Amino acid sequence: MGIYGKQPIFSTRAHVFQIDPNTKKNWVPTSKHAVTVSYFYDSTRNVYRIISLDGSKAIINSTITPNMTFTKTSQKFGQWADSRANTVYGLGFSSEHHLSKFAEKFQEFKEAARLAKEKSQEKMELTSTPSQESAGGDLQSPLTPESINGTDDERTPDVTQNSEPRTEPTQNALPFSHSIQYNDRIFSLFYFSSAISKHWEAELATLKGNNAKLTAALLESTANVKQWKQQLAAYQEEAERLHKRVTELECVSSQANAVHTHKTELNQTIQELEETLKVKEEEIERLKQEIDNARELQEQRDSLTQKLQEVEIRNKDLEGQLTDLEQRLEKSQNEQEAFRNNLKTLLEILDGKIFELTELRDNLAKLLECS
């Protein structure tokens, strides 16, 4: 069953871009507007894919691998490189929340892909172990000419080391010429090297026989491997072609679900916008009320300012009147003081006159008494 026969694991909407293959720097938009980008699980291959359609054209068909990395380059833009498609995909989201959600899902499915790959490798190792054991003895690596015959560096020391006492015995015997007789050493050395040479010649003949058998088996295995590789390449090419065809067909069949998801997202967006508009209208009403209150306060301030000016003017008038009254009071006090002084003078004069009259009366009385 294909990946689009099932519901997507996760879907979102974004503007899709691809890196310019010429400059490798600029982004080229592959969709005229925001499209649905979905995660799918391909049960036939046990992999996760990112799929996006623009009409009937698949603009993203990327298989998630463990070595992929999704990078956030801004608050609303992210990208990842697909080595199989030889390109870099970029997604522009409507909000930072959508970008973060997509990145979380990418990391989650990347980890799932890694676990699936490890399980697949374990199964391959378990299936390949019995075949290697049945291939014969201790041979645990593929048959190659180097492993059968040995490399030049590996084979040469065996021959030279074993034939060295036979070909150049004098060089090995010379360091011992000071301790034993030369002729006896030469004889024993030739005898010893002759016995060793016969032994290694027999071993070499046996190895040559085994080498010929293994070389024949290697040639036959190589021919079979080439044939198997050709068949495997043909099968893989056919499977890839069929898989792409199935992917395109299933992408078309999943558009209904994508449209429904898009409609649901649009309804949610409209509802969110209506709620936002309602909040803005309430805020506008509150601001209008605050403006009216501010105008009333301004009018009250102007009225109080005018009254304050009037009070200040009246205060100045009262200060002028007070100054005039103080001056008049001071003048009146001065006049009263002068009147008191005059009155005091008159009283003193009156007292003198009264004293004189008293004396005159006394004198008249005395005159009357005398007469």
Side-chain angles (χ1 to χ4, degrees), residues 12-15 27 33-34 71-79 90-104 263-371:
T12 186
R13 292 186 65 80
H15 292 271
W27 289 106
H33 50 79
T71 305
K72 296 180 182 179
T73 57
S74 67
Q75 292 183 350
K76 298 182 180 180
F77 192 87
Q79 66 183 47
L91 296 179
F93 296 89
S94 60
S95 66
E96 186 177 0
H97 172 72
H98 290 84
L99 172 61
S100 299
K101 192 66 176 177
F102 187 89
E104 290 175 2
K263 182 178 178 181
T264 304
E265 292 177 355
L266 288 177
N267 291 332
Q268 293 178 353
T269 304
I270 291 172
Q271 186 177 1
E272 292 175 357
L273 291 176
E274 289 177 350
E275 293 177 355
T276 305
L277 180 61
K278 185 177 179 181
V279 172
K280 294 297 182 183
E281 290 177 351
E282 292 177 354
E283 186 175 357
I284 290 172
E285 291 295 331
R286 182 178 60 79
L287 291 175
K288 286 182 178 179
Q289 187 175 1
E290 290 180 357
I291 291 172
D292 294 337
N293 294 334
R295 287 177 179 175
E296 292 178 358
L297 292 174
Q298 183 66 28
E299 292 176 356
Q300 292 178 2
R301 178 177 174 274
D302 294 339
S303 176
L304 292 173
T305 303
Q306 186 177 359
K307 289 181 179 180
L308 180 61
Q309 291 176 354
E310 293 176 355
V311 169
E312 289 178 351
I313 294 172
R314 185 177 178 183
N315 190 20
K316 288 181 180 180
D317 294 339
L318 291 175
E319 288 178 354
Q321 293 178 5
L322 180 61
T323 303
D324 187 26
L325 289 173
E326 288 177 351
Q327 292 176 355
R328 291 172 62 183
L329 178 61
E330 185 178 0
K331 183 178 179 182
S332 175
Q333 288 177 351
N334 293 332
E335 290 177 353
Q336 287 181 359
E337 186 67 24
F339 177 75
R340 287 178 181 175
N341 292 332
N342 293 330
L343 183 60
K344 186 177 181 181
T345 303
L346 290 174
L347 288 173
E348 290 178 353
I349 295 171
L350 182 60
D351 288 339
K353 294 298 181 181
I354 290 172
F355 181 75
E356 290 177 358
L357 287 175
T358 304
E359 287 182 351
L360 178 61
R361 177 180 173 280
D362 293 337
N363 291 328
L364 290 175
K366 289 178 178 181
L367 288 175
L368 288 175
E369 290 177 359
C370 289
S371 61

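Small disclaimer: the values here were computed from a predicted structure and weren't measured.
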Measure the spacing between [atom1] of [X] and [atom2] of [Y] and express it to the nearest 0.5 Å.
{"X": "Phe93", "Y": "His15", "atom1": "CZ", "atom2": "NE2", "answer": "11.0 Å"}
{"X": "Leu360", "Y": "Ile354", "atom1": "CG", "atom2": "CD1", "answer": "13.5 Å"}
{"X": "Lys366", "Y": "Glu369", "atom1": "NZ", "atom2": "CD", "answer": "9.0 Å"}
{"X": "Arg13", "Y": "His98", "atom1": "CZ", "atom2": "NE2", "answer": "10.5 Å"}
{"X": "Asn363", "Y": "Thr358", "atom1": "CG", "atom2": "OG1", "answer": "10.5 Å"}

Please tabulate, for side-chain N and O atoms in residues 288-296, each donor-acceptor pair with protein atoms closer than 3.5 Å (sequence neighbours left out).
from	atom 1	to	atom 2	distance (Å)
Glu290	OE2	Arg286	NH1	2.8
Asn293	ND2	Gln289	O	3.2

Exercise. Does any pair with a residue in residues 332-357 pass side chain to side chain donor-acceptor pair (under 3.5 Å), and if so which ones, sequence neighbours excluded?
Worked result: none
Work out which heavy atom in [X] is nearest to a heavy atom in [Y]; give both atom names and the distance.
{"X": "Ser100", "Y": "Lys72", "result": "OG-NZ, 3.4 Å"}
{"X": "Gln75", "Y": "Leu99", "result": "O-CD2, 3.3 Å"}
{"X": "Leu91", "Y": "Ala14", "result": "CB-CB, 4.2 Å"}

Exercise. Do the non-hydrogen side-chain atoms of Thr12 and Lys101 ever get within less than 4.5 Å of each other?
Worked result: no
Exercise. Do the side chains of Lys263 and Asn267 get nearer than 4.5 Å, heavy atoms only?
Worked result: yes
Can I get a per-line list of side-chain donor-acceptor pairs under 3.5 Å for residues 316-328, giving both atom names and the distance, sequence neighbours left out?
from	atom 1	to	atom 2	distance (Å)
Thr323	OG1	Glu319	O	2.8

Distance-only criterion, 3.5 Å: show the donor-acceptor pairs between side-chain atoms of residues 275-285 and protein atoms not counting sequence neighbours.
from	atom 1	to	atom 2	distance (Å)
Thr276	OG1	Glu272	O	2.7

Problem set entry | Backbone of Glu299 reached by a side-chain donor or acceptor of Ser303 within 3.5 Å | no
For this session: Look only at the side chain of Asn315 and the backbone of Val311, and say whether a donor-acceptor pair between them is shorter than 3.5 Å.
Result: no
Exercise. Taking only residues two or more places apart in sequence or in another chain, which ones pass side chain to side chain contact (heavy atoms under 4.5 Å, CB included) with Thr269?
Worked result: Leu273
Exercise. Can you name the side-chain hydrogen bond (donor to acceptor under 3.5 Å, both in side chains) partners of Ser94, sequence neighbours left out?
Worked result: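 Listed in chain order: nothing, the list is empty.
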